[in-house]
Amino acid sequence: MAQRRWLQTVTRHALPLLSSKPTTSLKPLPHLPASISLKSILSPKPLQQFLYTDPTLFHARSFSSSSRDDSENEEDDSEEGGEEEEEDYDSDSNEAEVDDVTVSGMKREYSAEEKEAEAAAIGYKVTGPLLPSDRVLKHREPVFAVVQVGSHQFKVSNGDCIYVERLKFCEVNDKLMLNKVLMLGTSTQTIIGRPILPDAAVHAVVEEHALDAKVIIFKKKRRKNYRRTKGHRQELTRLRIADIQGIEKPQPKVDPKQKMAAVKQQEKVSVAA
Amino acid sequence: MAWKGMWQLKKLVVSYCDWGGSSRGIRAFIESNLPAFKDSNPQLEVLTELSRGQHPCLKAFYKNKNERVVCVKNLASEDVLLHATRLRNALGRKVKKLPTRHVTKHPSVQGLAGVAAS
């Protein structure tokens, strides 16, 4: 009996709540614009495009430990979305062309735009040859960047050297701009891209196109008198990181020797006094 | 081959035979491609060397006193050009298995993980 009475009271209280008031959880979320209804989400529009073109869903393109203007970032968003779509189309057309070429069996000739598009897909851009007057290699700065070249990511600071898979369309002694920067940091500040930072760039110089050490591929099947040996040497490109742009660099510290000298002078002064 | 903008290959010696069949490609290379190769690499000293009865080869001398010899017997002239370009594009270091593809002198900016900043 007690249980039945309890149930009755519960239903009496709950029914009007359910019928009259719409619960708060069913309300449309306040920050979503009215144009985005459930239909538009469910429609067969590609998800990526939807995400990139709507600036309200992604407020900022980067997390930073220092405050930045939101409005600026939103502008970047819209531009970024446009670029990515273009790149997608480019890659599609390129793939089609590649197929054609392989069918015909000819060695492929690239036009300048195609070269640029492929280089952009890998994550670099050739900015010209290194002239003797250019002094790109500077002293070390306490800045690092995480940069993506092809499918590899490297944490670099200036003066480092990295080996990447051979980059087509660039010669030794060319200056490159690596534009897929995922993260930037100094000793006090860190900027994280979502996923990349559109304003940042890492400058590098091509030092070497070379072959890696030989790798021996040995295949063997037991009891079948089957052995195959094959050698392989991977083509690599060595890059020297020249500069990292997109973050405020801290002032270079005073040399420790100078500091010591200053301290000694102070001591002398105190002794004299 | 360019370390700080300085080409590391000093001298390239093209050694060939004027009679042998394995030198056919390199003879074509010397006639057709070598002048252009010389012009595009003014920093490079290119010599041709006649050694009769021997297979052809390319000998490269680097600034770090390293020496590399590539055999180019029975290769077509384009392949010889490819090998010559590879020699020019190299730094002349010893070819070893790379322990890491990222070489740095200063591994950390924000401090090593697990080491508290003092």
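Throughout, protein chains are lettered first and strands after them, A, B, ... in sequence-line order, and every chain is numbered starting at 1.
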| field | Greater than 12 external heavy atoms within 6.0 Å of A:Lys220's NZ | value | yes
| said: If I compare all heavy atoms of A:Tyr163 with all of B:Val103, which pair ends up nearest, and what's the gap? | reply: CE1-CG2, 4.1 Å
| query | Heavy atoms, side chains only, cut-off 4.5 Å: are A:Asn173 and B:Trp7 in contact? | reply | yes
| task | For B:Glu49, look at atom CD and say whether over 12 heavy atoms of other residues, nucleotides or ligands are found less than 6.0 Å away. | result | yes
| query | Does a sphere of radius 6.0 Å around CZ in B:Arg24 hold more than 12 heavy atoms from other residues, nucleotides or ligands, not counting ones at 6.0 Å or beyond? | reply | no
| message | Measuring only between side-chain heavy atoms, which start at C-beta, is A:Arg238 closer than 4.5 Å to B:Arg93? | response | yes
| message | For the interface with chain A, which of B:Thr104, B:Thr100, B:Thr85 has the highest count of heavy-atom pairs at distances below 4.5 Å? | response | B:Thr104
| field | Any donor-acceptor pair under 3.5 Å from A:Glu208 side chain to B:Leu91 backbone | value | yes
| message | Under a 3.5 Å distance rule, please check whether B:Lys97 uses its side chain to pair with a backbone N or O of A:Asp212 as donor and acceptor. | response | no
| message | What I want to check is whether the side chains of A:Thr186 and B:Gln110 have a donor and an acceptor closer together than 3.5 Å. | response | no
| Any A:Phe154 side-chain heavy atom under 4.5 Å of B:Arg101 side chain | yes
| task | For atom NZ of B:Lys73, decide whether the heavy atoms of other residues, nucleotides or ligands shown that lie under 6.0 angstrom number more than 12. | result | no
| query | Under a 4.5 Å heavy-atom cutoff, which of A:Ser157, A:Pro142, A:Gly159, A:Cys161 has the most pairs with chain B? | reply | A:Cys161
| Near A:Lys214 NZ, under 6.0 Å, is it more than 12 heavy atoms from other residues, nucleotides or ligands? | no
| Interatomic spacing from OG in B:Ser108 to NZ in A:Lys155 - rounded to 0.5 Å | 5.5 Å
| query | Which bit of A:Glu235 comes within less than 4.5 Å of chain B, counting heavy atoms only: side chain, backbone, both or neither? | reply | side chain
| task | Could you tell me whether a side-chain N or O of B:His106 sits under 3.5 Å from a main-chain N or O of A:Arg140, the two making a donor and an acceptor? | result | no
| With chain B, which of A:Ile241, A:Val156, A:Leu211 has the greatest number of heavy-atom pairs at distances under 4.5 Å? | A:Leu211
| said: Within the supplied structure, the quantity of interest is the number of heavy atoms (other residues, nucleotides, ligands) at a distance under 6.0 Å from B:His55 NE2; does it exceed 12? | reply: no
| task | Quick one: pull up CG in B:Asn89 and CD in A:Glu207 and give me the separation to the nearest 0.5 Å. | result | 12.5 Å
| task | Working to the nearest 0.5 Å, report the span between CG of B:Leu98 and CG of A:Leu236. | result | 6.5 Å
